[in-house]
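Keep in mind it's a predicted model, so treat the numbers as computed, not measured. Each residue takes its place number in the sequence, starting with 1.
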Amino acid sequence: MSNTSFDLSGKAAIVTGGNGGIGLGIARGLAQAGANIVVAARNQQKTNSALEELHGLGVIAISVPTEVTDEGDVANMVRATMDEFGRVDILVNNAGMSIRKPPQDYTMEEFERVIDVNLNGTFLCSRDVYEPMKEAGGGKIINIGSMTSVFGSDWVVPYSASKGGVVQLTKSLAIAWAKDNIQVNAILPGWIHTDLTAPIKTDYAERYETIRSRIPHGRWGEPEEMGGCAVFLASTASDYVTGVSIPIDGGYVAF
């Protein structure tokens, strides 16, 4: 297989939550493979920093402020991408959130908010890129799940439920849209150093070390280590791969 199978030059990729952490790590990988990037996120200061970095990789990168639970925002995200690039080749559903507490302490508002962002937002963004991808003859959707898509968790119950749902959504969309040449797959990050997980190291040091000791690689991962798998799933190299969920976790799930 030639390296051109992984070439994303001229492709347009939307990355929700692409201004930091895993999202930026993936956006960086896609840009290095040649894709132009739409950073769909809420924090404009972080987005400006991300755009500067992505521009430095020699691609076009634009910002579209987006709340993934808002139908109007998501429609605008797709419309802005089409206006700028005339195409939507790749969608990375990365935007997510979590609230850490014992399950009995969640309010319904907290529980529903996590589900709304992580699961409903993934569906909404996927639904709205369907038509432009279908009309173009195909596309790639990459959903970001979690190890909690596989395992339960005692302190992020709505997050675990939402990420389990992401895996089943991935399979269902893959089946529904295979006839349209749209491949839908998921990445399941392990324990990765991000803003979302930073409090674990500082506020829950014992748990942080317990997690590290269970990872066969002996360390937590870094956001940029998601990029290679994302490039594979976004490229023609994965045209016969759909409905799968790939752990990137240093062997945590296998242990």
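- With respect to D195 and K46, a salt bridge is recorded, a charged nitrogen being found less than 4.0 Å from a carboxylate O.
- Rounding to the nearest 0.5 Å gives a distance of 13.0 Å between CG of L30 and CE of M226.
- A 6.0 Å sphere centred on NE2 of H217 holds no more than 12 heavy atoms belonging to other residues, nucleotides or ligands.
- Each of V244, V92, L233, N94 was evaluated against I187; a single residue qualifies, L233, per the side chain to side chain contact (heavy atoms under 4.5 Å, CB included) test.
- Residue M133 holds its CE atom at 11.0 Å from CZ of R87, rounded to the nearest 0.5 Å.
- Taking CD1 of I26 as the start and CD1 of I142 as the end, the distance is 7.0 Å to the nearest 0.5 Å.
- Listed for the K140 side chain is no donor-acceptor partner under 3.5 Å among the backbone atoms of L91.
- Side chain of D249 to main chain of G251: a donor-acceptor pair is present (N/O by atom type, distance under 3.5 Å, no hydrogens or angles).
- More than 12 heavy atoms of other residues, nucleotides or ligands lie within 6.0 Å of CZ in R113, so this atom counts as buried by the packing criterion.
- Ring centers of Y208 and W220: under 6.0 Å apart, within the cut-off.
- Side chains of N93 and S126: a donor on one and an acceptor on the other come within 3.5 Å.
- A donor atom on one side chain and an acceptor atom on the other are found under 3.5 Å apart for T170 and N143.
- Side-chain atoms of L54 and I60, non-hydrogen and from C-beta on, never get closer than 4.5 Å to each other.
- A cation-pi geometry, defined here as NZ or CZ lying under 6.0 Å from the six-membered ring centre and within 45° of its normal, holds between R214 and Y252.
- Comment: E209 does not engage R219 in a salt bridge, judged by the lack of any side-chain N to carboxylate O separation of less than 4.0 angstrom.
- The distance from the CE atom of M108 to the CD1 atom of I115 is 9.0 Å, given to the nearest 0.5 Å.
- We find that D154 and R207 are joined by a salt bridge, their nearest charged nitrogen and carboxylate oxygen being less than 4.0 Å apart.
- For the 3.5 Å distance criterion, the side chains of E109 and T107 fail to qualify, holding no donor opposite an acceptor.
- Between the S160 side chain and the V156 main chain, a donor and an acceptor come within less than 3.5 Å of each other.
- Side-chain contact of N48 with E52: a donor-acceptor pair under 3.5 Å is absent, judged by distance alone.
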Exercise for review: Determine, step by step, whether E84 and R79 satisfy the salt bridge (Lys or Arg N to Asp or Glu O under 4.0 Å) criterion, reporting the C-alpha distance in whole Å, the side-chain angles of both residues, the deciding distance to 0.1 Å, and the verdict.
Suggested key: CA-CA 9 Å; E84 178 71 25; R79 184 167 53 249; over 6 Å; no
